[in-house]
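Take a look at the following structure, please.
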Number of protein chains: 2
Amino acid sequence: MPATKNDIVAEFTRELIRVNTAFRQYIQAMLRRNNMDLTFEMLQVLACLWNTDGVNQQEIANLTVKDKASVTYLIDNLTKRGLVVRKEDEGDRRNKLVLLTDAGKALKTEVEPWIQEMHAFAGVDMPVQAIKDCMQVMIKFRENLGMEISSDNC
Amino acid sequence: MPATKNDIVAEFTRELIRVNTAFRQYIQAMLRRNNMDLTFEMLQVLACLWNTDGVNQQEIANLTVKDKASVTYLIDNLTKRGLVVRKEDEGDRRNKLVLLTDAGKALKTEVEPWIQEMHAFAGVDMPVQAIKDCMQVMIKFRENLGMEISSDNC
DNA sequence: CCAACAAAGTTAAATACTTAACTGTTATTG
DNA sequence: CAATAACAGTTAAGTATTTAACTTTGTTGG
């Protein structure tokens with residue numbers, strides 16, 4: 001049976017899930033190996049804050065591609081672990097700024113090299129241009145499906 | 001600030017999540033629009049069965065890239081809705097074969113055109129070769145991360 | 001001004017995923 | 001043949017996601 005274009009798109013969606021799972025499992029294995037009491041999702045949030053501390057929750061939601069309700073939940077969990085605190089934005093009191101604690105900042109030194117290592121490891125034997133081309137395909141899929149999500153950097 | 005290769009890999013992982021989300025949201029909107037009492041995940045399982053009925057749960061887990069515990073849960077939900085039944089495999093009594101009911105089969109006629117439509121819609125202005133190249137990049141990422149997941153068709 | 005709307009965050013309920021321990025069945029091999 | 005390993009499925013607990021309703025605060029246009 002010859003694969004039609006639709007079959008190929010279908011297979012693409014499955015590969016999407018597989019590679020997503022691969023990244024998550026790699027990180028979770030890394031966290032476990034180093035006895036970090038963190039999940040992949042908490043790390044996504046921390047990574048945003050390590051880049052720019054003190055952003056509000058909606059912005060974290062945009063950057064991590066999560067729902068704002070999920071972010072509320074994750075910030076609760078990170079607060080319990082003493083890694084972040086919420087602070088009301090005095091300029092706009094609807095916002096709550098999320099700030100790293102000292103413990104949260106200290107984690108960066110420990111974890112960021114591992115993340116860099118993963119990115120380097122993942123990209124072995126992979127030309128930058130091929131990755132960019134692949135992203136263009138993904139963006140095109142997303143646009144075709146009518147999702148206009150902003151692509152800001154984290 | 002010039003983007004390093006690692007930055008590009010990092011952005012790739014975010015785009016991965018975005019396009020994944022786009023596909024899921026498209027399908028959920030479609031299901032809701034047509035008053036289907038189904039989730040994206042249940043549909044993934046049904047799609048496997050519409051292709052080949054009577055496979056066991058582990059195989060469904062492989063095909064949908066899910067954990068077998070998740071599949072137990074989803075089959076429970078589909079059973080409650082009267083769309084599938086479990087049947088012990090008499091050849092190997094460890095297995096439970098999952099079989100479509102008449103209602104489950106009837107759904108195929110209704111839903112499959114929408115899925116085909118989505119795949120066609122998603123693939124507009126996208127050369128097949130570009131999609132294949134993109135999948136090769138994703139597979140390479142997965143291999144680099146040390147995940148050797150089988151890539152059987154569904 | 002103020003009424004209507006929009007935006008940020010929270011909450012609760014339903015669904016889903018992950019991990020690990022567990023049961024039962026089959027395969028291996030000493 | 002019996003011990004052991006491997007495999008399929010279930011269960012339970014913890015975590016995550018989604019949706020919708022809700023509160024609070026800010027913006028805007030008549």
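The sequence lines fix the lettering, A, B, ..., with proteins before strands; numbering per chain opens at 1.
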Original post:
More than 12 heavy atoms of other residues, nucleotides or ligands under 6.0 Å from NZ of B/K5: is that the case?
Top reply: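 More than 12 heavy atoms, drawn from other residues, nucleotides or ligands, come within 6.0 Å of this atom.
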
Original post:
Pick the nucleotide of DNA chain C nearest each of B/A69 and A/N56; which residue has the one closer to the 5' end?
Top reply: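 Whichever sits nearer the 5' end wins; that is A/N56.
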
Original post:
Are B/V19 and A/L145 connected, step by step, through hydrophobic side chains (Ile, Leu, Val, Met, Phe, Trp, Tyr) whose heavy atoms are closer than 4.5 Å?
Top reply: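 Looking at the clustering, A/L145 is in the same group as B/V19.
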
Subject >> Of the listed nucleotides C/dA8, D/dT18, D/dG9, the one nearest the side chain of B/Q58 >> reply: D/dG9

**OP:** With heavy atoms under 4.0 Å as the rule, sort B/T39 into base, sugar-phosphate or nothing.
**Re:** sugar-phosphate

Subject >> From B/L38 atom CG to B/Q44 atom CD, the distance as rounded to the nearest 0.5 Å >> reply: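 Between atom CG of B/L38 and atom CD of B/Q44 there are 12.0 Å.
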
Original post:
In residues 71-82 of chain A, which ones come under 4.0 Å of DNA chain C, going by heavy atoms?
Top reply: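 Result for residues 71-82 of chain A: A/T72, sorted by number.
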
Original post:
Please give, in whole Å, the distance from D/dA8 C1' to B/K87 NZ?
Top reply: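 For the pair B/K87 NZ and D/dA8 C1', the rounded distance is 16 Å.
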
**OP:** Report the distance from atom CG of B/N6 to atom CD1 of A/I115, rounding to the nearest 0.5 Å.
**Re:** 11.0 Å

Original post:
More than 12 foreign heavy atoms under 6.0 Å from CD of B/E90: is that the case here?
Top reply: no

**OP:** Identify whether A/V85 and A/V98 are in the same connected component of the hydrophobic contact network (ILVMFWY, side-chain heavy atoms under 4.5 Å).
**Re:**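 Shared cluster, no.
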
**OP:** Determine, for nucleotides 23-28 of chain C in 5'-to-3' order, which nucleotides have protein heavy atoms under 4.0 Å from the base (write B), from only the sugar-phosphate (write S), or from neither (write -).
**Re:** -BBS--

**OP:** Give one of base, sugar-phosphate or nothing for A/N95, where a contact means two heavy atoms less than 4.0 Å apart.
**Re:**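 A/N95: backbone/sugar contact only, no base atoms under 4.0 Å.
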
**OP:** Output every pair passing side chain to side chain donor-acceptor pair (under 3.5 Å) with a member in residues 75-88 of chain A, not counting sequence neighbours, ordered by first then second residue.
**Re:**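 Side chain to side chain donor-acceptor pair (under 3.5 Å) check on residues 75-88 of chain A returns A/D37-A/R81, A/Q57-A/R86, A/D76-A/R86.
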
**OP:** Verify, without hydrogens or angle tests, whether A/W50 (side chain) and A/G104 (backbone) share a donor-acceptor contact under 3.5 angstrom.
**Re:**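 Present.
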
Original post:
Atom CG of A/D37 to atom P of D/dG14: distance rounded to whole Å?
Top reply: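 It works out to 13 Å between those atoms.
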
Original post:
Taking OP1 and OP2 of D/dT18, is either one under 4.0 Å from a side-chain nitrogen or oxygen of B/Q25?
Top reply: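 So the side-chain polar atoms of B/Q25 never come under 4.0 Å of the phosphate oxygens OP1 or OP2 of D/dT18.
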
Original post:
A/F23 and A/F40: aromatic ring centres closer than 6.0 Å?
Top reply: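 No.
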
Original post:
In terms of side-chain heavy atoms of B/R24, which of C/dG9, D/dA16, D/dT18 is nearest?
Top reply: D/dT18

**OP:** Under 4.0 Å between any heavy atoms, over every strand shown, what does A/K68 touch: base, sugar-phosphate, or nothing? Just pick one.
**Re:**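 Answer is base: heavy atoms of A/K68 come under 4.0 Å of a base.
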
Original post:
Rounded to the nearest Å, what distance is computed from the CZ atom of residue B/F40 to the P atom of nucleotide C/dC17?
Top reply: 9 Å

Original post:
Counting just side-chain N and O atoms, does B/K66 come under 4.0 Å of either OP1 or OP2 of C/dC17?
Top reply: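 Yes, B/K66 has a side-chain N/O under 4.0 Å of OP1/OP2 on C/dC17.
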
Original post:
Within this structure, what is the CG-to-C1' distance between B/L31 and C/dA14, rounded to whole angstrom?
Top reply: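 Distance, rounded to whole Å: 16 Å.
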
Original post:
For the pair made of CD1 in B/I60 and P in D/dA8, what is the distance, rounded to whole Å?
Top reply: 13 Å

**OP:** Quickly work out the A/I27 CD1 to C/dT19 P distance and round it to whole Å.
**Re:** 13 Å

Subject >> Atom-pair distance (CD1 on B/I17; P on D/dT17), nearest Å >> reply: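 After rounding, the reported distance stands at 9 Å.
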
**OP:** Starting at atom CG of B/N62, determine the distance to atom C1' of D/dG9, rounded to an integer number of angstrom.
**Re:**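 Roughly 14 Å, once rounded to whole Å.
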
Original post:
Are any of A/Q28's side-chain N or O atoms less than 4.0 Å away from OP1 or OP2 of C/dT19?
Top reply: yes

Original post:
Do the side-chain N or O atoms of B/Q57 get closer than 4.0 angstrom to the phosphate oxygens (OP1, OP2) of D/dT10?
Top reply: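 The answer is yes; a side-chain N or O of B/Q57 sits under 4.0 Å from OP1 or OP2.
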
Original post:
Taking C-beta and beyond as the side chain, do B/F12 and A/H119 meet within less than 4.5 Å on heavy atoms?
Top reply: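 Answer no - side chains too far apart.
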
